[in-house]
2 protein chains.
Amino acid sequence: MPEPEGSRRDELLEIAAGLFAEKGFKNTTVRDIADSAGILSGSLYHHFDSKESMVDEILRTFQEELFGQYDEILASDADPLAQLEQAVLVSFEAIDKHRNEVAIFQNEAAYLLTFDRFSYLADRNQQSREVWLTLLQNGIDAGVLRTDLDLELTYRFIRDTVWVAVSWYRPGGRRTHTEIARQYLSILLEGIHT
Amino acid sequence: MPEPEGSRRDELLEIAAGLFAEKGFKNTTVRDIADSAGILSGSLYHHFDSKESMVDEILRTFQEELFGQYDEILASDADPLAQLEQAVLVSFEAIDKHRNEVAIFQNEAAYLLTFDRFSYLADRNQQSREVWLTLLQNGIDAGVLRTDLDLELTYRFIRDTVWVAVSWYRPGGRRTHTEIARQYLSILLEGIHT
DNA sequence: TAGCCTACCAAGCAACTGCTTGGTTGGTAG
DNA sequence: CTACCAACCAAGCAGTTGCTTGGTAGGCTA
């Protein structure tokens, strides 16, 4: 057994993730996935129950890793500002390492939430909100963040700008994900005004 | 003629825009639109050539208005910072007044661009890029904006954060679109750091 | 060499898709 | 009262969709 197990299966999941990210979940047909893999559509059902279970597995695996990282940051003894910076850096790292998964979560969550089996996505959204609000509140309590801003709005601006970068960021481009994260942090923290 | 003309047609376009914005263009069927209008799907083809021509008309009308406003700002004699602020305010106003149209342009442009008839959307994207880059460059030349930032990245951050607000902004919510725009400008210009 | 397994094919079904066709309705204008 | 018109219905067609079924090829193991 040279492969770690489930090799072909994982291969198919990666192909599906690429298509889901590019064209959307509903706009990707099982024939699209099978064609990209060089097999017939029916053969996919030897590996997976349904198209839904493919995207389910893709998202669950990704989110476990991402939120594990957020939890580590919150549990660390870094100061509030460093924690906020870490969270932004980790997020841009996720965009770099898991483009497809981030794009799927960003673009398809609303649609997938219309199915019961994806209700956990709402929990993850809530969890994400709590992470960022906690980071911001800690910064305010420590006196390193402005107190005159609407917390909820600030959270949304941060969340949106971080994740929406997945729509234009390409690995191997002019800027590394770390450089982009640092520029973003610079704007977020200090503003663009002189 | 009590109606300004094309009343029923406009009504159908608004219904379609709402569905396109909510579920996506391809995920909205002509039967969805017809059901929402209380007619049969075939009856839509009395008013429109195709589903494509509906979204086409929706986007063209909206973009003419929006880019007209940008042109006015650029042509005004306000100082660079005021022009940048005006552009942000006008954009949030568009999110308020034309939620559906903004959402469709944001979410469906990539897909629609695969059809020849929507190639003008690429021109509009380019035009938008030029507007923001001009505003930023004018600010730098006037010495009111930081010179150490990557212009292209800054443009993307502004564009993304402004338009992505359409995904969560709801008219009649806790904050008016003007309040949101002002908070956003405050963060963008001054940062969240103390 | 027999049995089993993974990975796949070939064919097709029922539901849904955008769109077409030929017709009906109620109102308006000459 | 006639002609016309916008708005719509009823039925259906051809293509696409997710998924199912019954089968096969090749490799591994006892």
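Note on naming: letters A, B, ... go to the chains in the order of the sequence lines (proteins, then strands), and numbering restarts at 1 for each one.
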S.K.: Can you measure A:N27 atom CG to D:dG18 atom C1' for me and round it to whole angstrom units?
M.R.: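 Atom CG in A:N27 sits about 14 Å away from atom C1' in D:dG18.
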S.K.: A:R9 has an atom CZ; how far is it from atom P of C:dT6, in whole Å?
M.R.: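 Rounded to whole Å, this separation is 12 Å.
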S.K.: Side chain of A:H47 only, heavy atoms from C-beta on: which candidate in C:dA10, C:dA7, D:dC8 is closest?
M.R.: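 Minimum distance to the A:H47 side chain belongs to C:dA7.
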S.K.: When you compare the side chains of A:R146 and B:S186, does any donor N or O come within less than 3.5 Å of an acceptor on the partner?
M.R.: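 The answer is yes; a qualifying pair exists.
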S.K.: If I take atom NZ in residue A:K51 and atom C1' in nucleotide C:dA15, what distance separates them, rounded to the nearest angstrom?
M.R.: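 Spelled out: NZ on A:K51 to C1' on C:dA15 is 14 Å.
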S.K.: What nucleotide among C:dG18, C:dC9, C:dA7 has an atom nearest to a side-chain atom of A:R8?
M.R.: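 Looking only at heavy atoms from C-beta outward on A:R8, the closest nucleotide is C:dA7.
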S.K.: Hey, what's the ring geometry for B:F25 with B:Y111, parallel, tilted or perpendicular (30° and 60° as the breaks)?
M.R.: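 Tilted: the ring planes of B:F25 and B:Y111 meet at 30° to 60°.
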S.K.: Measure up the A:F67 and A:Y70 rings against each other and bin them: parallel (under 30°), tilted (30 to 60°), perpendicular (over 60°).
M.R.: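 Aromatic pair A:F67/A:Y70 classed perpendicular.
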S.K.: For C:dG30, which nucleotide in any strand shown is its Watson-Crick or wobble partner with both distances under 3.5 Å?
M.R.: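 Partner of C:dG30: D:dC1.
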S.K.: Side chain to side chain donor-acceptor pair (under 3.5 Å) between A:Q126 and A:E130: does it pass, once the steps are laid out?
M.R.: CA-CA 6 Å; A:Q126 177 65 18; A:E130 278 160 16; 3.0 Å; yes
S.K.: Does B:Y45 have a side-chain nitrogen or oxygen under 4.0 Å from the phosphate oxygens OP1 or OP2 of C:dT20?
M.R.: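 Answer no for this pair, as no side-chain N or O of B:Y45 is under 4.0 Å from OP1 or OP2.
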S.K.: Of A:G38 and B:V30, whose nearest nucleotide on DNA chain C comes first from the 5' end?
M.R.: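 In this pair, the answer is A:G38.
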S.K.: With respect to the side chain of A:R31, which nucleotide from C:dC8, C:dC19, D:dC19 is positioned closest?
M.R.: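 It is D:dC19.
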S.K.: Find the distance A:F48:CZ to C:dC8:P and express it as a whole number of Å.
M.R.: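 Rounded to whole Å, this separation is 11 Å.
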S.K.: Given D:dA7, is OP1 or OP2 found less than 4.0 Å from the side-chain N or O atoms of B:H46?
M.R.: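 Looking at the OP1 and OP2 atoms of D:dA7, one of them is under 4.0 Å from a side-chain N or O of B:H46.
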S.K.: Please state how far atom NZ in A:K23 lies from atom P in D:dT17, giving the value in whole angstrom units.
M.R.: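 To the nearest whole Å, that distance equals 8 Å.
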S.K.: Categorize B:S41 for me: base, sugar-phosphate, or nothing, with a 4.0 angstrom heavy-atom threshold over every strand shown.
M.R.: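 Touches a base.
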S.K.: Round to a whole Å and report the spacing from CG of B:D35 to C1' of C:dC16.
M.R.: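 From B:D35 CG to C:dC16 C1': 13 Å.
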S.K.: Return the value, rounded to whole Å, for the distance between atom NZ of B:K26 and atom P of C:dC16.
M.R.: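 Value for this atom pair: 17 Å.
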S.K.: Just to confirm, is there a sub-4.0 Å distance from OP1 or OP2 of C:dA7 to any side-chain nitrogen or oxygen of A:S43?
M.R.: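 So the side-chain polar atoms of A:S43 never come under 4.0 Å of the phosphate oxygens OP1 or OP2 of C:dA7.
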S.K.: May I have the distance from A:L40 (atom CG) to C:dG12 (atom C1'), rounded to whole angstrom?
M.R.: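 It is 13 Å, rounded to the nearest whole Å.
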S.K.: Could you say whether B:F25 or A:I39 is positioned toward the 5' end of DNA chain C, judged by the nucleotide with the nearest heavy atom to each?
M.R.: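 The 5'-side residue here is A:I39.
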S.K.: Is there a side-chain contact (heavy atoms from CB on, under 4.5 Å) between B:T178 and B:F92? Walk through the geometry before answering.
M.R.: CA-CA 7 Å; B:T178 311; B:F92 275 96; over 6 Å; no
